[in-house]
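Here's the structure, in structure tokens; my notes come after.
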Protein chains: 2
Amino acid sequence: MVAASRLDETHDTGGAERVFLALRSRVVSGELKAGDRLPPERELALKFNVSRPILREALRSLAMLGFLEIIQGSGAYVRQPDIALVSDFLTFCMAQQPDVLDDIIQSRIAIECQAIRLACEKASEADLNRIAASLTSLLDTLDDPVLGGQADYEFHSGIVRASHSPALSTLYRALTPLLMQSHVSRRRIVPSGIRNFLVDAHKEVFLSIVDRKPDEAENRLREHFAIGDEYRRKSLIAAFSKSSPDRQT
Amino acid sequence: MVAASRLDETHDTGGAERVFLALRSRVVSGELKAGDRLPPERELALKFNVSRPILREALRSLAMLGFLEIIQGSGAYVRQPDIALVSDFLTFCMAQQPDVLDDIIQSRIAIECQAIRLACEKASEADLNRIAASLTSLLDTLDDPVLGGQADYEFHSGIVRASHSPALSTLYRALTPLLMQSHVSRRRIVPSGIRNFLVDAHKEVFLSIVDRKPDEAENRLREHFAIGDEYRRKSLIAAFSKSSPDRQT
DNA sequence: AAGAACTATTGGTCTGACCAATCTGTCAGC
DNA sequence: GCTGACAGATTGGTCAGACCAATAGTTCTT
């Protein structure tokens with residue numbers, strides 16, 4: 001047999017994947033920085049000892065992952081991957097599991113409760129102003145579900161931002177699309193009666209940050225979430241007992 | 001001009017990306033479930049009206065993202081993406097930002113503090129036994145940095161698992177690699193004197209879960225983290241003032 | 001009926017060519 | 001001398017056909 005000439009490859013997984021891993025490691029290691037331009041495809045293909053279609057499979061994969069931006073006629077440029085891709089992927093991973101939309105709120109509470117503690121320490125004047133502004137828009141958009149939801153989001157994301165924790169902010173951004181889904185369906189079933197109450201809860205949370213009282217802030221925030229949760233359950237029960245006969249498919 | 005037959009495409013971004021998006025949307029929408037086999041490449045290429053190399057660029061990209069598993073001679077099969085990929089990507093995204101390793105601990109605290117509250121409600125006998133077991137190994141491996149670190153991780157991840165929140169667990173798993181990095185460097189500078197104290201802290205946290213007291217559990221956990229943080233700072237200051245002259249490059 | 005050999009299917013790769021967008025350098029015109 | 005337009009070179013985008021390698025299904029032998 002002629003099986004005696006494959007020792008030059010670490011672990012052969014196919015040409016495309018080999019090139020993919022090689023280039024990716026160059027990016028994550030910092031050897032290739034954002035903005036750098038890769039050599040032309042024909043040249044790279046020669047260097048990696050693969051054909052151009054195979055080399056392109058690797059490049060395209062990196063591009064889809066956000067590591068590269070390929071511009072026709074110009075070249076392939078290293079790009080800082082966007083957190084939005086993580087978000088997409090996380091969304092999909094979680095969406096595979098049943099009832100995640102009900103569960104995702106736990107992650108939100110986790111992040112915001114820690115963020116608000118840090119915010120009590122680190123929030124700047126600008127942070128507080130931003131949160132105050134979102135509080136104002138919250139008041140002005142009580143009757144608009146869409147704008148109101150946006151103001152609500154800005155209030156909460158303002159808290160996270162005020163924590164000055166990049167990791168918390170990154171996670172929060174990654175969760176945002178999923179939050180939006182559960183958020184929309186939640187807000188839809190909230191009638192006008194409870195809204196003033198929710199506004200007051202937001203105010204109290206904000207004031208606790210202004211007073212720099214972490215424990216109080218977290219407790220009020222937890223209470224805010226708990227009330228929302230309790231209310232959602234009641235609504236679901238009510239909706240279920242009413243429309244139970246209609247429920248089909 | 002012959003430009004009058006591209007209205008069937010949403011927005012033409014090139015063949016490969018078009019195919020990629022089409023197939024990906026079929027996966028995320030559930031139209032293609034895990035385990036399903038895709039048609040042969042030649043057939044797919046015909047269906048999407050592209051050449052095989054282009055079709056392969058799309059397939060390879062999906063494979064690199066974990067959506068597909070391609071087996072030579074057999075076919076391309078839809079696969080449930082692994083959260084580890086999110087973790088990798090998250091790691092890279094965060095690693096680009098400076099000082100994330102010091103900041104990632106905030107995300108950990110956030111998740112665990114919420115998880116421990118849920119654990120107080122939902123922890124099963126098996127959960128408690130698992131945590132108790134990790135507590136035992138923590139005692140048995142006080143002198144081994146590696147095994148001790150592993151026991152410590154099992155204790156904390158046991159808490160998260162006991163929360164029975166898939167979202168929190170998913171996030172925690174995503175953070176784990178980054179935690180390991182900061183964890184190792186932290187544990188290395190912890191001398192033996194403080195360890196018994198840390199073990200006691202773990203015990204108290206555990207007992208609070210057993211007693212089903214969320215507030216107490218969270219407070220003790222926060223205290224545990226705070227002490228670790230405080231200690232790390234002291235160590236850094238000490239190390240800095242001692243080795244300051246040596247510090248080079 | 002079980003195992004082996006064969007064949008069809010399917011992914012993996014290569015070559016070479018052509019098109020399209022971009023970049024660059026030259027040259028005419030101001 | 002500077003500017004703008006043109007033309008060629010560079011580079012990515014795509015295609016076609018061919019061949020190899022691994023797998024799966026079939027058939028034949030034992």
Side-chain angles (χ1 to χ4, degrees), chain A residues 1-23 27 32 35-79, chain B residues 1-6 8-24 27 32 35-79:
Chain A
M1 291 305 185
V2 254
S5 63
R6 275 288 184 275
L7 301 179
D8 44 356
E9 304 297 349
T10 51
H11 54 71
D12 114 319
T13 64
E17 190 164 352
R18 191 182 86 237
V19 176
F20 173 84
L21 292 175
L23 287 177
V27 174
L32 289 172
D36 287 357
R37 195 186 112 175
L38 262 55
E41 291 183 353
R42 293 162 175 86
E43 196 175 319
L44 272 178
L46 208 63
K47 193 176 299 179
F48 282 108
N49 207 28
V50 293
S51 68
R52 203 159 70 104
I54 299 303
L55 188 271
R56 278 178 59 80
E57 286 182 22
L59 289 187
R60 176 76 64 187
S61 297
L62 289 166
M64 290 306 173
L65 273 162
F67 286 100
L68 286 183
E69 175 163 18
I70 303 178
I71 303 174
Q72 175 173 157
S74 179
Y77 300 85
V78 179
R79 194 173 62 168
Chain B
M1 296 296 195
V2 251
S5 63
R6 277 288 185 273
D8 42 356
E9 305 298 349
T10 50
H11 53 72
D12 127 315
T13 64
E17 189 163 353
R18 191 183 85 236
V19 176
F20 173 84
L21 292 175
L23 288 177
R24 194 189 62 169
V27 174
L32 289 172
D36 288 356
R37 197 187 109 175
L38 263 56
E41 292 183 352
R42 294 162 175 87
E43 197 175 318
L44 272 179
L46 208 62
K47 192 176 298 180
F48 282 108
N49 207 28
V50 294
S51 68
R52 225 184 114 205
I54 298 303
L55 188 272
R56 279 180 57 80
E57 287 181 22
L59 289 188
R60 176 76 65 187
S61 298
L62 289 166
M64 290 304 169
L65 274 163
F67 287 99
L68 287 183
E69 174 164 18
I70 304 178
I71 302 174
Q72 176 173 141
S74 179
Y77 300 84
V78 179
R79 195 174 63 168

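Each chain gets a letter, A, B and so on, in the order the sequences are listed, and its residues count up from 1.
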* Asked: Do A:Leu23 and A:Phe67 have side chains that get closer than 4.5 Å, going by heavy atoms?
  -> no
* Considering just the side-chain nitrogens and oxygens of A:Arg18, establish if one lies under 4.0 Å of OP1 or OP2 belonging to C:dG12. => no
* Asked: Of A:Pro40 and B:Gln72, whose closest DNA chain D nucleotide lies nearer the 5' terminus?
  -> A:Pro40
* Asked: Given that A:Ala16 and B:Glu43 both sit by DNA chain C, which one's nearest nucleotide is further toward the 5' end?
  -> B:Glu43
* Asked: For the residue pair B:Gly15 and B:Val50, what are the closest heavy atoms and their distance?
  -> CA-CG1, 4.3 Å
* Distance, nearest 0.5 Å, that separates CG of B:Leu46 from CD of B:Glu41 -> 13.5 Å
* Asked: Can you tell me how far CG of B:Leu59 sits from CD1 of B:Ile54, rounded to the nearest 0.5 angstrom?
  -> 11.5 Å
* With heavy atoms under 4.0 Å as the rule, sort A:Leu59 into base, sugar-phosphate or nothing. => nothing
* To do: Please round to the nearest 0.5 Å and tell me the distance separating atom CD1 of A:Ile70 and atom CZ of A:Arg56.
  => 6.5 Å
* To do: Please name the pair of heavy atoms, one in A:Pro39 and one in A:Leu44, separated by the smallest distance, quoted to 0.1 Å.
  => O-CD1, 3.7 Å
* **chain A footprint on DNA chain D, 5' to 3' - any atom under 4.0 Å from a heavy atom** => D:dT11 to D:dT14
* Which ones in residues 46-57 of chain A lie close to DNA chain C, meaning a heavy atom under 4.0 Å from one of its atoms? -> A:Asn49, A:Val50, A:Ser51, A:Arg52, A:Pro53, A:Ile54
* **Gap between atoms CD and C1', on A:Glu41 and C:dT15 respectively (whole Å)** => 16 Å
* From B:Glu17 CD over to A:Arg60 CZ, what is the distance, rounded to the nearest 0.5 angstrom? -> 7.0 Å
* **Which residue lies more 5' along DNA chain C, comparing B:Gly75 with A:Gly73 via nearest heavy atoms** => B:Gly75
* Round to a whole Å and report the spacing from CZ of A:Arg42 to P of C:dA17. => 12 Å
* In whole angstrom, give the distance that lies between atom CZ of A:Arg37 and atom P of C:dT22. => 14 Å
* From OH (A:Tyr77) to CG (A:Leu68), nearest 0.5 Å -> 11.5 Å
* To do: Starting at CZ of A:Arg79, measure out to CG of A:Leu32 and round the result to the nearest 0.5 Å.
  => 15.0 Å
